[in-house]
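First comes the structure, then the notes that go with it.
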Amino acid sequence: QVQLVESGGGLVQAGGSLRLSCAASGMISNSNTMGWYRQAPGKQRELVASIRTDGYTNLADSVKGRFTISRDNAKNTVYLQMNSLKPEDTAVYYCNLVRGAMYRSYWGQGTQVTVSS
């Protein structure tokens, strides 16, 4: 029904940057929320950032000032620009989309981000 494909993960040194992309296809409504979650080994999955079609954004306190979320509604694509990366940012990052009257969630397969010291 909805497919999410992430790209842009990789290995970087502390202080470096990465740009993640997530392209959505399928039964996508004109009003939805797309965002990024991450999960590190031994840690709970946490919301990193989200953005609605009207432009409202939400960022975790730990990434404010370093990460920026944006989207291209025409392409149904969300981006996460990650600057000043820290080793504690190391995790699998999952793209998420929520839509519809029942607020159903859809998930990508995840992309690994590794930040070395």
Side-chain angles (χ1 to χ4, degrees):
Q1 190 170 344
V2 174
Q3 296 179 2
L4 302 172
V5 180
E6 304 110 326
S7 62
L11 173 64
V12 298
Q13 292 188 348
S17 298
L18 283 174
R19 181 177 172 88
L20 305 183
S21 299
C22 175
S25 61
M27 299 294 291
I28 305 168
S29 73
N30 291 329
S31 180
N32 61 66
T33 299
M34 296 184 70
W36 295 92
Y37 288 72
R38 68 186 181 187
Q39 187 166 23
K43 302 291 185 180
Q44 298 294 310
R45 184 175 296 187
E46 63 176 352
L47 175 68
V48 178
S50 64
I51 183 168
R52 301 195 313 212
T53 51
D54 64 3
Y56 170 84
T57 61
N58 186 34
L59 275 73
D61 289 340
S62 61
V63 305
K64 287 180 179 177
R66 300 189 297 120
F67 292 9
T68 302
I69 190 167
S70 61
R71 65 185 293 165
D72 185 335
N73 290 336
K75 296 182 177 180
N76 293 315
T77 300
V78 64
Y79 307 94
L80 185 67
Q81 179 67 45
M82 305 185 294
N83 298 326
S84 301
L85 283 162
K86 304 175 181 179
E88 49 263 47
D89 294 318
T90 296
V92 177
Y93 284 69
Y94 296 92
C95 182
N96 171 260
L97 182 149
V98 178
R99 73 158 187 87
M102 301 302 293
Y103 297 97
R104 183 173 179 178
S105 290
Y106 300 87
W107 296 91
Q109 291 183 312
T111 185
Q112 177 71 47
V113 172
T114 303
V115 184
S116 62
S117 60

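What's counted below: heavy atoms across the whole structure, side chains too, no hydrogens, waters or symmetry copies.
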Pairs under 3.5 angstrom only: tabulate donor-acceptor contacts from the side chains of residues 104-115 to other protein residues two or more places apart or in another chain.
| from | atom 1 | to | atom 2 | distance (Å) |
| --- | --- | --- | --- | --- |
| Thr111 | OG1 | Gly9 | N | 3.4 |
| Gln112 | NE2 | Ala91 | O | 3.4 |
| Gln112 | NE2 | Thr114 | OG1 | 3.3 |

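- Note that CZ of Arg71 is 7.5 Å distant from OG1 of Thr33, once rounded to the nearest 0.5 Å.
- Side-chain atoms of Leu20 and Met82, non-hydrogen and from C-beta on, do get closer than 4.5 Å to each other.
- Separating the CD atom in Glu6 from the SG atom in Cys22 is a distance of 5.0 Å, to the nearest 0.5 Å.
- No side-chain donor-acceptor contact under 3.5 Å links Gln81 to the backbone of Thr68.
- The hydrophobic cluster containing Tyr94 does not contain Tyr79, counting ILVMFWY residues as joined when their side-chain heavy atoms lie under 4.5 angstrom apart, directly or transitively.
- In this structure, Arg99 contributes its side chain and Asn32 its backbone to no donor-acceptor pair below 3.5 Å.
- Considering all non-hydrogen atoms of both residues, Lys43 and Gln39 come closest at O-NE2, 3.4 Å.
- Here the OG atom belonging to Ser117 is positioned 14.5 Å from the NZ atom belonging to Lys86, to the nearest 0.5 angstrom.
- To the nearest 0.5 angstrom, Leu97 atom CG is 10.5 Å from Ser25 atom OG.
- Here Met27 sits alone; no ILVMFWY side chain lies under 4.5 Å from its own, so it joins no hydrophobic cluster.
- Both Trp36 and Val63 are members of a single hydrophobic cluster when ILVMFWY side chains are connected at heavy-atom separations under 4.5 Å.
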Run the side-chain contact (heavy atoms from CB on, under 4.5 Å) check on Asp89 and Arg38 step by step: do they pass? CA-CA 9 Å; Asp89 294 318; Arg38 68 186 181 187; 3.0 Å; yes
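- Hydrophobic clustering of Ile, Leu, Val, Met, Phe, Trp and Tyr side chains at less than 4.5 Å, counting indirect connections, unites Leu18 with Leu59.
- Clustering ILVMFWY residues whenever any of their side-chain heavy atoms sit less than 4.5 angstrom apart, transitively, puts Val12 in the very cluster that holds Tyr93.
- Side-chain contact between Asn30 and Thr53 is absent, with no heavy atoms from C-beta onward closer than 4.5 Å.
- Within 6.0 Å of CD in Glu46 there are more than 12 heavy atoms belonging to other residues, nucleotides or ligands.
- Between the OG atom in Ser84 and the CZ atom in Phe67 there is a gap of 9.0 Å [rounded to 0.5 Å].
- If you chain together hydrophobic residues whose side chains sit under 4.5 Å apart, Leu4 and Ile69 fall into the same group.
- Once rounded to the nearest 0.5 Å, the distance linking CE of Met34 with CG of Leu80 reads 11.5 Å.
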